[in-house]
Engineer: 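The structure's right below; bear with me while I get my questions together.
When a residue number appears, it is its place in the shown sequence, counting from 1.
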Amino acid sequence: MKYKYLFLSFLLLIMIGSITAIAADDDYGSLGDYTFDLPDGYEIVNKTDNMLSMQQDTDHAIVMSLPDEIKEADEFKANLEKQGYEFGDEDSYKVGNFDINQYNYNYEQYQGFLYICDDGNDSPILITLVIPADEDAPDSQDNPVTTIINSLE
């Protein structure tokens, strides 16, 4: 049930375009014990101990979180589908020490890409990229999340 609220908060953060940037001059970010490179054009707009959000503009956002626990992917997706998320393609791959499960979805006027990054330690990192539904999905080289995942330590 807390994932319902987690993703609703993600959407609200995405809609907020008037938050002052916290780390405009930094080219790296951190969340928990992890550090990563910030994608070009993105600035950190909100940060707590377990969540960080970045925006390029009001329609392009990335939210990262370290949930206390994560349910099985099928149960997690089922909860989101009940809220109106429509899932499409899925992919699984490995980058460095991380097993990545990627889920593409649509929600209202946005399309999203959810990445569950698990290095086998504690809780996985959730990364969500949200862009307008009428834009082409970014390929791997143009995807800002690729920058994060490739540099995640």
Engineer: Considering residues at least two apart in sequence or located in another chain, which fulfil the side-chain hydrogen bond (donor to acceptor under 3.5 Å, both in side chains) criterion with Thr147?
Structural biologist: none

Engineer: Suppose we screen for side chain to side chain contact (heavy atoms under 4.5 Å, CB included). Which residues come up paired with Asn121, at least two apart in sequence or across chains?
Structural biologist: Tyr34, Asp119

Engineer: Restricting to non-hydrogen atoms, name the atom on Pro124 and the atom on Pro67 that form the minimum distance, rounded to 0.1 Å.
Structural biologist: O-CD, 3.5 Å

Engineer: Output every pair passing salt bridge (charged side-chain N to carboxylate O under 4.0 Å, His left out) with a member in residues 141-153, not counting sequence neighbours, ordered by first then second residue.
Structural biologist: none

Engineer: Supply the atom-to-atom distance Ile44 CD1 to Tyr42 OH, rounded to the nearest 0.5 angstrom.
Structural biologist: 13.5 Å

Engineer: With the side chain counted from C-beta on, respond yes when Tyr103 and Ile116 share a heavy-atom pair under 4.5 Å apart, and no when they do not.
Structural biologist: yes

Engineer: To the nearest 0.5 Å, tell me how far Asn150 CG sits from Ser140 OG.
Structural biologist: 7.0 Å

Engineer: With sequence neighbours excluded, tell me which residues meet salt bridge (charged side-chain N to carboxylate O under 4.0 Å, His left out) with Lys82.
Structural biologist: none

Engineer: To the nearest 0.5 Å, tell me how far Ile131 CD1 sits from Gln109 CD.
Structural biologist: 13.0 Å

Engineer: Considering non-hydrogen atoms only, spot the tightest contact between Ser151 and Asp37 and give its length.
Structural biologist: OG-N, 2.7 Å

Engineer: Out of the candidates Thr128, Asn143, Thr146, Asn101, only one should pair with Tyr115 under the side chain to side chain donor-acceptor pair (under 3.5 Å) rule; please name it.
Structural biologist: Asn143

Engineer: Taking only residues two or more places apart in sequence or in another chain, which ones pass salt bridge (charged side-chain N to carboxylate O under 4.0 Å, His left out) with Asp99?
Structural biologist: Lys94

Engineer: Quick one: list whatever passes side chain to side chain contact (heavy atoms under 4.5 Å, CB included) with Asp136, sequence neighbours left out.
Structural biologist: none

Engineer: Check side-chain hydrogen bond (donor to acceptor under 3.5 Å, both in side chains) between Ser30 and all other residues, then give those that pass, not counting sequence neighbours.
Structural biologist: Lys47

Engineer: Considering non-hydrogen atoms only, spot the tightest contact between Asp40 and Gln56 and give its length.
Structural biologist: O-NE2, 4.0 Å

Engineer: Return the CD1 to CG distance between Ile127 and Leu31, rounded to the nearest 0.5 Å.
Structural biologist: 9.0 Å

Engineer: Checking Phe87 now: which residues fulfil ring-ring contact (aromatic ring centres under 6.0 Å, His included) with it, not counting sequence neighbours?
Structural biologist: Tyr105

Engineer: Can you name the closest pair of heavy atoms from Leu66 and Ile125 and give their distance?
Structural biologist: CD2-CG1, 3.4 Å

Engineer: Does the pair Ile62 and Leu129 meet the rule for a side-chain contact (heavy atoms from CB on, under 4.5 Å), with working shown?
Structural biologist: CA-CA 5 Å; Ile62 299 172; Leu129 168 66; 3.8 Å; yes

Engineer: Can you confirm whether Ile148 sits close enough to Cys117 that some side-chain heavy atom of one is under 4.5 Å from a side-chain heavy atom of the other?
Structural biologist: no

Engineer: Side chain to side chain contact (heavy atoms under 4.5 Å, CB included) with Asn104: which residues, sequence neighbours excluded?
Structural biologist: Asp89, Gln102, Phe113

Engineer: With a 4.5 Å limit on heavy-atom distance, are the side chains of Leu52 and Phe36 in contact?
Structural biologist: yes

Engineer: For Glu135, which residues count as a side-chain hydrogen bond (donor to acceptor under 3.5 Å, both in side chains) partner, sequence neighbours excluded?
Structural biologist: His60

Engineer: If every non-hydrogen atom of Pro132 is compared with every non-hydrogen atom of Gln111, which pair is closest and at what distance?
Structural biologist: O-NE2, 3.2 Å

Engineer: Measuring from atom CG of Asn50 to atom OG of Ser65, what distance do you get when rounded to the nearest 0.5 angstrom?
Structural biologist: 8.0 Å

Engineer: Are Asp59 and Tyr110 close enough that a side-chain donor and a side-chain acceptor fall under 3.5 Å?
Structural biologist: yes

